[in-house]
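First the structure, in the form of structure tokens, and then the observations on it.
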Amino acid sequence: MFKSTVAEERANFSERLRSAAGAAHVPLGPTDFARAFNVRAGEDSVTSHAVRKWMVGESIPTQGKIVILAAWLGVSSAWLRFGEGEAQSLSATVMSEAAISTADLAMLRAIASLPEPARHSIRDIVAVMVHNFSAKNSN
């Protein structure tokens with residue numbers, strides 16, 4: 001039975017993280033990656049220094065952060081952390097959060113923080129805009 005060292009585990013995690021981020025078209029620069037992660041992570045935010053350490057194989061994030069990363073990148077957390085199973089998660093077949101831009105996700109979070117009447121108004125406005133755009137482009 002093969003037993004990997006801690007350094008090998010960190011290096012393998014780093015390789016899987018960079019691969020998943022690249023496949024999801026997520027920026028690999030530590031600052032941009034940290035900013036995009038933090039929009040999704042809420043209070044479980046990270047620094048660009050921590051991201052750099054993940055990317056170069058110096059550390060592995062906590063399981064809670066791995067779950068956030070996996071959901072964002074559309075991979076299973078078991079694959080991301082350990083390389084086990086299939087890379088793609090079931091939720092990725094629906095739509096990966098990576099497909100939503102950081103700015104759009106921040107806007108959605110801001111809308112979600114509004115009271116229900118305001119959210120309802122925004123949904124109505126968007127529905128009208130989508131209808132008008134669809135009608136304009138079908139001609």
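Every value quoted in this text rests on a predicted model; they were computed, and no experiment measured them. This chain uses plain numbering: 1 for the first residue, then up along the sequence.
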Atom pair [atom1]/[atom2] of [X] and [Y] - distance to nearest 0.5 Å:
{"X": "F82", "Y": "S76", "atom1": "CZ", "atom2": "OG", "answer": "11.0 Å"}
{"X": "E84", "Y": "S77", "atom1": "CD", "atom2": "OG", "answer": "10.0 Å"}
{"X": "L73", "Y": "R40", "atom1": "CG", "atom2": "CZ", "answer": "8.5 Å"}
{"X": "I122", "Y": "I111", "atom1": "CD1", "atom2": "CD1", "answer": "4.5 Å"}

According to a hydrophobic-cluster definition based on side-chain heavy atoms being under 4.5 Å apart (Ile, Leu, Val, Met, Phe, Trp, Tyr only), do [X] and [Y] belong together?
{"X": "I68", "Y": "W79", "value": "yes"}
{"X": "L108", "Y": "L114", "value": "no"}
{"X": "V126", "Y": "M107", "value": "yes"}

Between [X] and [Y], which heavy-atom pair has the shortest distance, and what is it?
{"X": "A20", "Y": "V75", "answer": "CB-CG1, 3.9 Å"}
{"X": "D32", "Y": "R35", "answer": "OD1-NH1, 3.1 Å"}
{"X": "L80", "Y": "I66", "answer": "CD2-O, 4.0 Å"}

(request) Mark yes or no for whether S134, through its side chain, and V130, through its backbone, hold a donor-acceptor pair below 3.5 Å. (result)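 Looks like yes, one N/O pair under 3.5 Å.
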Below 3.5 Å, can you tabulate the donor-acceptor pairs from side chains in residues 53-61 to any protein atom, sequence neighbours excluded?
from : atom 1 : to  : atom 2 : distance (Å)
E58  : OE1    : R52 : NH2    : 3.3
E58  : OE2    : R52 : NH1    : 3.4

For [X], side-chain hydrogen bond (donor to acceptor under 3.5 Å, both in side chains) partners two or more places apart:
{"X": "E116", "answer": "R119, R123"}
{"X": "D124", "answer": "H120"}
{"X": "R10", "answer": "none"}
{"X": "N12", "answer": "none"}

(request) May I ask you to test the E9-R81 pair for a side-chain heavy-atom distance under 4.5 Å? (result) yes
(message) Does anything in residues 42-51 form a side-chain hydrogen bond (donor to acceptor under 3.5 Å, both in side chains)? List the pairs, not counting sequence neighbours.
(response)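 Output for this query lists D44-K65.
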(request) Would you please indicate if the ring centroids of W72 and F33 are separated by under 6.0 Å? (result)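 Ring centres of F33 and W72 closer than 6.0 Å.
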(message) My understanding is that only one of V46, L28, N38 makes a side chain to side chain contact (heavy atoms under 4.5 Å, CB included) with V51; could you say which?
(response)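 The option that passes is V46.
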